[in-house]
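Remarks on the structure that follows.
Throughout, protein chains are lettered first and strands after them, A, B, ... in sequence-line order, and every chain is numbered starting at 1.
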2 protein chains.
Amino acid sequence: MTSLSEAGRSRATMREVAALAGVSLKTVSRVVNEEAGVSADVRERVTSAVRHLDYRPNLAASNLRRTSARTGLIGALVQDLSNSFSAGLLRALEDTARARRTGVLAASLDEGVDREREMVHDLVTRRVDGLVIMPASARQDYLVAELRTGTPAVFVDRPPRGVDADSVVVDNVTGGRMGTEHLLAQGHRRIAGLFHLTQIVTAQQRLDGFRAAHEARGLRPDPRLVVTDISSTDEAAHVVDQLLALNEPPTAIFAGRNILASGAVRSLAEHGLRRSVALVSFDDFPLADLLDPPLTVVRQDVARIGRTVGEMIFQRIDGDTSPPRHVVIEPTLVVRGSGEIPPPP
Amino acid sequence: MTSLSEAGRSRATMREVAALAGVSLKTVSRVVNEEAGVSADVRERVTSAVRHLDYRPNLAASNLRRTSARTGLIGALVQDLSNSFSAGLLRALEDTARARRTGVLAASLDEGVDREREMVHDLVTRRVDGLVIMPASARQDYLVAELRTGTPAVFVDRPPRGVDADSVVVDNVTGGRMGTEHLLAQGHRRIAGLFHLTQIVTAQQRLDGFRAAHEARGLRPDPRLVVTDISSTDEAAHVVDQLLALNEPPTAIFAGRNILASGAVRSLAEHGLRRSVALVSFDDFPLADLLDPPLTVVRQDVARIGRTVGEMIFQRIDGDTSPPRHVVIEPTLVVRGSGEIPPPP
DNA sequence: TTGAAAGCGGTACCAT
DNA sequence: ATGGTACCGCTTTCAA
């Protein structure tokens, strides 16, 4: 038995294992790395020494000398680890990475531009094999130098600007148009549009789609019904409160983001209008199908996005130097009920 | 301008920077680490060389020689990165770690016992400064050796067995009792209990709480209404379908986990009973307040749990060798509507 | 089958 | 203010 008093002793090195087993450093290395050419007898002595000393190889030290120096680590910078989109994406990425015996070092940017640069620097310093970036910044010129030194990067959700790198994004314009057209097709003509910060390209594109759907029918959205730069559920609820108080309130609402849809639902519920005003949201989320009425959404397939990102980054890690690819994934309309409420006669 | 053709050149080392700047290795080291005692002139030459070569320090190499060899990395093994509990926990942990300039290497275990051991081994090999573990295994004897070599660990959500380490868990028994008592207090006497795999200690404890609440009132739950080992939303829906078909169906349901509550809601909705049968769930989740009726839940404060875990692991990393602490966090009942539906007269 | 020596990219320590 | 040399823990290369 090893007693507790030994706790905290310094970690054993390969050299110490060699000394205890009475063999050379190189022999221990052979055993630890399961290389051939070690007699059963010696192997046993080494294994035993490893156990006695609680020896654990030091991956950083190995990689330092190793020729194919991969760290088996990719860095992933997302908007917020805890939101369902980022979390779902990471999960799919993790699954792809696991097959390659690679870990995922993830961090939340919270739309922080400086934080993005700091994190990229830190990750490069750690020599991650690749970077996955859901950028907070508008331009990523700073990345040019990093890519030059050999760290590949794949952008996700938002396209790169100022640097030419792979990307996987959703067709937000089409998504915005699909959701809006769905409401127009049912006869709605006063459709409110709720959008996030328009400086974020995805939000702007969804708004573009909202407008395009109207124009395709020769219509123009009422400017008073289009509200941008809403960044929280509370704000969204407040906005909807005000819209419902108009002389001619909207008969339908298109929410450009799931947290805005939450606010809309709350406001509608407080006014007893959940079954009277139609609602379509961009972004699916857990439980959306259990709302009453169930929420009709434009869904982005997170798992597919994450898988695609994973495949692309590993292709680059494996040495693919072909020109950057830009994958656009089409969203789908999931009809559940809230979006099929007809306009009042 | 640096042309694209330079892409992929091997990464510059400190030695190369020194050569280009015409100074010694040690001087470059001083500049890179912002140590004092370098003339402005030399500093400028070095900085310039760093820029020209796109030099980036190699953290692993630095740490190898550095005395206080911290990697600035903690490993976090959770049940599933993409579920809201794990994700919320990681987010809070990340925030604590960020203040310590430490990154979080997270991985999903999916209740995989072997995967847990493999991941711990991998993380130790990477020399993470600490481990945060939401264990999949029933016993963690294997961890004794790891702790002995100096990698501290904190358990979260589920307590350690076979090894004495810090832990932060929720009082599941009390939570189960609170939720059940809430239903009993309103006169319900036929309360169904839905629970996850009872081999998972948290599920068993919630069931214990469910029973204890009954016993405290001198009651005994009807065995036909208590169903364990339900592991998915679909299964839960199916179970509730069957319970509702009984001669004496339940007038209320206590769901031991949020995904089971989802199934219950779906089944109740299909039977048109959402406003007739009371429902309380263990585990809050996004949108629970927007359901109709809004879901009454026993909430675990994920942010607080994550923060506590973060503080504990860093205390250990900082050298605290006091006896392991076991923090129990009390859940709270969040009354919203679904749990206040009265029994039929 | 086994081992000695060099070196990976840096830091520590001591001179100068 | 700057540099030289040993050395961190391991792999590589080559010799025995």
May I ask you to check whether over 12 heavy atoms, not counting those of A/R139, lie within 6.0 Å of atom CZ?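 More than 12 within 6.0 Å, yes.
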Check whether any side-chain nitrogen or oxygen of [X] sits under 4.0 Å from OP1 or OP2 of [N], and answer yes or no.
X	N	result
B/R66	C/dT11	yes
B/S24	D/dG3	yes
B/R65	C/dA12	no

Can you work out whether B/S62 or B/V42 has the more 5'-proximal nearest nucleotide on DNA chain D?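 This one resolves to B/V42.
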Distance in angstrom units between [X] [atom1] and [N] [atom2], rounded:
X	N	atom1	atom2	result
B/L25	D/dC7	CG	P	17 Å
A/M14	C/dG3	CE	P	14 Å
A/L59	D/dT11	CG	C1'	13 Å
B/N63	C/dC8	CG	C1'	15 Å
B/K26	C/dA12	NZ	C1'	7 Å
A/R43	C/dT1	CZ	P	10 Å
A/R126	C/dG10	CZ	P	15 Å
B/R127	D/dG9	CZ	P	9 Å

Minimum-distance pair of heavy atoms, taken over all atoms of B/V31 and B/V38: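 The pair with the smallest heavy-atom distance is CG2-CG1, 4.0 Å.
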Quick one: does B/D54's side chain have a donor or acceptor within less than 3.5 Å of a partner on A/E146's backbone?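 No.
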Expected output: side-chain B/E94 to main-chain A/S108 donor-acceptor under 3.5 Å: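 Here the side-chain-to-backbone pair exists.
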Quick one, B/L89 and B/M134 - any side-chain contact, counting heavy atoms below 4.5 Å?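 Yes. Closest side-chain heavy atoms under 4.5 Å.
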If you check the [X] side chain, which of [options] turns out closest?
X	options	answer
B/S39	D/dA1, C/dG9, D/dT11	D/dA1
A/R15	D/dG4, D/dC10, C/dG10	D/dC10
B/L64	C/dG10, D/dG9, D/dA1	D/dG9

Using five base pairs at each end, measure the axis-to-axis angle across the helix from C/dT1-D/dA16 to C/dT16-D/dA1 and round it to 10 degrees.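 The angle, to the nearest 10 degrees, is 30°.
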Go through it in stages, so that I can follow the logic: the residues are B/R100 and B/D318, the test is salt bridge (Lys or Arg N to Asp or Glu O under 4.0 Å), and I'd like the CA-CA distance, side-chain angles, deciding distance and then a yes or no. CA-CA 11 Å; B/R100 310 291 297 265; B/D318 288 342; 2.8 Å; yes
Regarding B/T96 and B/R307, is there a side-chain donor-to-acceptor distance under 3.5 Å anywhere?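 Looking only at side-chain atoms, B/R307 and B/T96 do not form any donor-acceptor pair under 3.5 Å.
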Check each residue of residues 27-37 of chain A for a non-hydrogen atom within less than 4.0 Å of any atom in DNA chain D, then write out the ones that pass by number, or none.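 When residues 27-37 of chain A is checked for heavy atoms under 4.0 Å from DNA chain D, the hits, listed by number, are A/S29, A/N33.
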